[in-house]
Amino acid sequence: MTDAPPWDTLWTGAALATLAPGAPGTAAGDAYGTIPDGAIAARGGRIAWVGPRAALPSAPQALAARVVDLGGRWVTPGLIDCHTHLVFGGDRVEEWERRLNGESYEAIAREGGGIARTVRLTREATEEDLFRSAARRLRPLLAEGVTTVEVKSGYGLEPEAELKMLRVARRLERELPVRVRTTLLAAHALPPERRDDRAGYIDRIVTEMIPAAAAQGLADAVDAFCETIAFTPAEVDRVFAAARRHGLPVKLHADQLSDLGGAALAARCGALSADHLEHAGEAGLDAMAAAGTVAVLLPGAFYLLRETRLPPVAGFRARGIPMAVATDLNPGTSPVQSLRLALNMACTLFRLTPAEALAGATREAARALGLAAEAGTLEPGKRCDLAVWEIDRPAELAYWLGGGACAGRVLAGVPVDGPAPA
């Protein structure tokens with residue numbers, strides 16, 4: 001349904017990649033849902049009208065308070081990075097150099113490195129320290145068209161530090177032009193002080209951290225890492241049961257290093273997404289397909305870890321499992337501050353098509369965050385989050401490595417940078 005004019009803003013002179021194949025004005029079989037000479041209008045922060053410019057009901061100046069001529073640029077939904085660990089203390093650059101020089105991860109970890117180092121630095125950091133470093137990492141994502149980003153906790157591993165990370169994530173949304181979805185990932189690793197008390201730490205997540213994050217409105221979802229080096233399916237079950245009791249949806253780091261049945265567990269628990277999935281088996285894929293669980297592909301971690309086991313993309317396609325793509329931005333295994341680089345990696349390493357990759361960072365990423373009803377495509381009624389591009393065709397967004405193709409962004413109908421009204 002479209003809203004009748006007058007509209008707040010009308011953008012004309014644009015090629016639209018709606019990512020809504022089959023929508024009015026798009027050609028049959030076009031995976032991008034292209035409207036070659038399109039227009040898009042916003043009112044009250046929502047898309048009020050979208051279609052061919054020739055179908056506008058009147059002259060543009062008579063329809064909206066302001067009209068922006070985009071001069072033939074492309075417009076897509078704002079990009080969505082649906083899996084990041086953006087807030088953390090310090091970095092692991094020195095450890096990365098040491099590993100390149102032949103030292104093992106195990107040796108570095110024995111000296112207090114690895115995730116234990118990030119936990120220590122995150123706990124020691126003030127909220128202001130964490131905000132400044134996270135904002136610095138976030139700005140490159142915004143500069144290349146990201147309008148929504150998911151931010152996980154998981155480097156505090158005790159109640160106050162986990163809540164501190166989530167407070168910083170909420171502040172990012174207040175102070176930078178971006179929408180943030182927050183995820184409590186207390187079940188990321190065992191904290192050093194709890195290595196001999198797994199049950200006690202799970203108890204603390206279930207009885208303290210989840211209730212506090214929910215009561216304070218700090219978490220939009222709960223995540224866990226189900227893996228031989230992290231938490232068992234039974235432990236994750238307890239965490240997810242607590243999340244459901246507090247009205248929080250769940251997501252899962254699943255089957256990255258081994259097939260522990262994480263994909264099937266995510267599906268059984270009604271998870272929004274299962275992420276990584278390099279080792280997911282047939283049973284897990286069948287369960288995901290039946291449950292409608294999104295597969296989130298994280299090629300940055302695959303690349304940095306020099307993995308060789310590819311996620312089962314053909315199996316996802318054959319079952320109609322939606323595939324999202326994200327940076328997995330984190331200090332240890334994916335220091336990737338470019339979602340467009342992740343799109344290229346998804347195509348080059350995982351053999352996604354450029355259209356699948358772009359859908360993975362818009363339509364399917366929205367689904368992975370529980371936002372499919374209001375984001376990810378250019379359709380009336382959805383929030384008007386747009387990215388404007390200096391490109392000749394949408395495949396360039398996954399083709400170019402680097403470069404400033406983003407000419408502007410619109411957040412909830414408000415231009416935050418880019419072309420001005422005519």
Side-chain angles (χ1 to χ4, degrees), residues 17 19 32 74-87 134-152 169 172-173 176-181 183 251 273 275-276 294-304 311 322-331 333-350 352-369 371 375-377 385-391 394-411 416-418:
L19 276 298
Y32 294 105
W74 278 84
V75 174
T76 69
L79 301 188
I80 299 171
D81 196 348
C82 66
H83 182 130
T84 85
H85 305 254
L86 188 69
V87 175
R136 185 173 64 247
R137 289 185 284 269
L138 177 57
R139 288 188 180 99
L141 291 172
L142 306 188
E144 60 175 31
V146 170
T147 55
T148 298
V149 63
E150 185 255 18
V151 180
K152 302 179 190 295
L172 290 171
E173 181 175 67
L176 276 73
V178 64
R179 175 164 56 172
V180 174
R181 302 293 284 184
T183 301
K251 305 164 66 66
S273 71
D275 303 28
H276 288 290
V294 178
V296 178
L297 306 181
L298 303 170
F302 178 91
Y303 168 77
L304 265 293
M323 292 181 288
V325 179
T327 62
D328 193 17
L329 195 166
N330 75 73
T333 61
S334 187
V336 176
Q337 297 181 96
S338 169
L339 184 53
R340 286 188 53 214
L341 175 59
L343 298 187
N344 179 277
M345 288 180 171
C347 294
T348 303
L349 300 176
F350 295 168
L352 266 64
T353 69
E356 286 175 327
L358 183 56
T362 52
R363 184 180 69 232
E364 312 308 352
R367 190 176 301 184
L369 295 179
L371 298 175
T377 62
D385 289 349
L386 314 176
V388 182
W389 305 98
E390 299 276 7
I391 56 175
E396 292 183 47
L397 298 178
Y399 169 73
W400 293 108
L401 295 175
C406 185
R409 295 183 307 132
V410 173
L411 199 65
V416 291
D417 42 52

Undergrad: Would you say the side chain of Val388 lies within less than 4.5 Å of the side chain of Cys406, judging by non-hydrogen atoms?
TA: no
Undergrad: Tell me the closest heavy-atom pair linking Pro299 and Val325, and the distance in Å.
TA: CD-CG1, 4.3 Å
Undergrad: So do Val178 and Thr147 actually touch side chain to side chain, heavy atoms under 4.5 Å?
TA: no
Undergrad: Quick check: closest heavy atoms across Leu358 and Pro394, and the distance to 0.1 Å?
TA: CD2-CB, 4.2 Å
Undergrad: If every non-hydrogen atom of Leu19 is compared with every non-hydrogen atom of Gly376, which pair is closest and at what distance?
TA: CB-O, 4.0 Å
Undergrad: Strictly distance-based, threshold 3.5 Å: is any side-chain N or O of Arg409 a donor or acceptor partner for the main-chain N or O of Ala387?
TA: no
Undergrad: Using the side chain to side chain contact (heavy atoms under 4.5 Å, CB included) rule, take Leu349 and Tyr303 through it: C-alpha gap first, then chi angles, then the decisive distance, then the call.
TA: CA-CA 8 Å; Leu349 300 176; Tyr303 168 77; 4.1 Å; yes
Undergrad: Contact between His83 and Lys251 at the side-chain level, heavy atoms closer than 4.5 Å - yes or no?
TA: no
Undergrad: Which heavy-atom pair separates Val180 from Ala169 by the least distance, and what is that distance?
TA: CG1-O, 3.6 Å
Undergrad: How long is the gap from CG on Asp385 to CD1 on Ile80, to the nearest 0.5 Å?
TA: 7.5 Å
Undergrad: Is it true that a side-chain atom of Glu144 and a backbone atom of Leu339 form a donor plus acceptor pair closer than 3.5 Å?
TA: yes
Undergrad: As an exercise, state the distance from CG of Leu297 to CG of Leu343, rounded to the nearest 0.5 Å.
TA: 11.0 Å
Undergrad: Between Thr348 and Asn344, is the side-chain hydrogen bond (donor to acceptor under 3.5 Å, both in side chains) condition met? List the steps.
TA: CA-CA 6 Å; Thr348 303; Asn344 179 277; 3.3 Å; yes
Undergrad: I want to check something: taking the side chain as every heavy atom from C-beta on, are Phe350 and Pro311 in contact at a cut-off of under 4.5 Å?
TA: yes
Undergrad: Taking all non-hydrogen atoms of both residues, which atom of Pro177 and which atom of Leu142 are closest, and how far apart?
TA: O-CD1, 4.1 Å
Undergrad: With a 4.5 Å cut-off on side-chain heavy atoms, are Leu401 and Leu341 touching?
TA: yes
Undergrad: Just verifying a value: how many Å separate Glu396 CD and Ile391 CD1, rounded to the nearest 0.5 Å?
TA: 5.5 Å
Undergrad: Do you know which of Asp328, Thr183, Leu86 makes side-chain contact (heavy atoms from CB on, under 4.5 Å) with Lys152?
TA: Thr183
Undergrad: Could you pull out the closest heavy-atom pair between Ala326 and Ala342, with the gap in Å?
TA: O-CB, 3.8 Å
Undergrad: Kindly compute the distance separating CG (Leu369) from CD (Glu364), expressed to the nearest 0.5 Å.
TA: 12.0 Å
Undergrad: Would you say Ser334 and Leu304 make side-chain contact, with heavy atoms under 4.5 Å?
TA: no
Undergrad: Could you check whether any side-chain N or O of Arg340 sits under 3.5 Å from a backbone N or O of Leu397, counting only pairs where one atom can act as donor and the other as acceptor?
TA: yes
Undergrad: State the SG-CZ distance between Cys82 and Arg367, to the nearest 0.5 angstrom.
TA: 12.0 Å
Undergrad: Nearest 0.5 Å please: distance from the CG atom of Leu138 over to the CG atom of Asp81.
TA: 9.5 Å
Undergrad: What I'd like to find out is whether the side chain of Arg181 reaches to under 4.5 Å of the side chain of Val151, using heavy atoms alone.
TA: no
Undergrad: Checking the side chain of Thr333 only, and the main-chain atoms of Ala301 only, is there a donor and an acceptor separated by less than 3.5 Å?
TA: no
Undergrad: Look at the side chain of Glu390 and the backbone N and O of Ala405, then say whether any donor-acceptor pair between them is shorter than 3.5 Å.
TA: no
Undergrad: Within a strict 4.5 Å, meaning less than it, do heavy atoms of the Leu298 and Asp275 side chains meet?
TA: yes
Undergrad: What I want to check is whether the side chains of Gln337 and Thr327 have a donor and an acceptor closer together than 3.5 Å.
TA: no
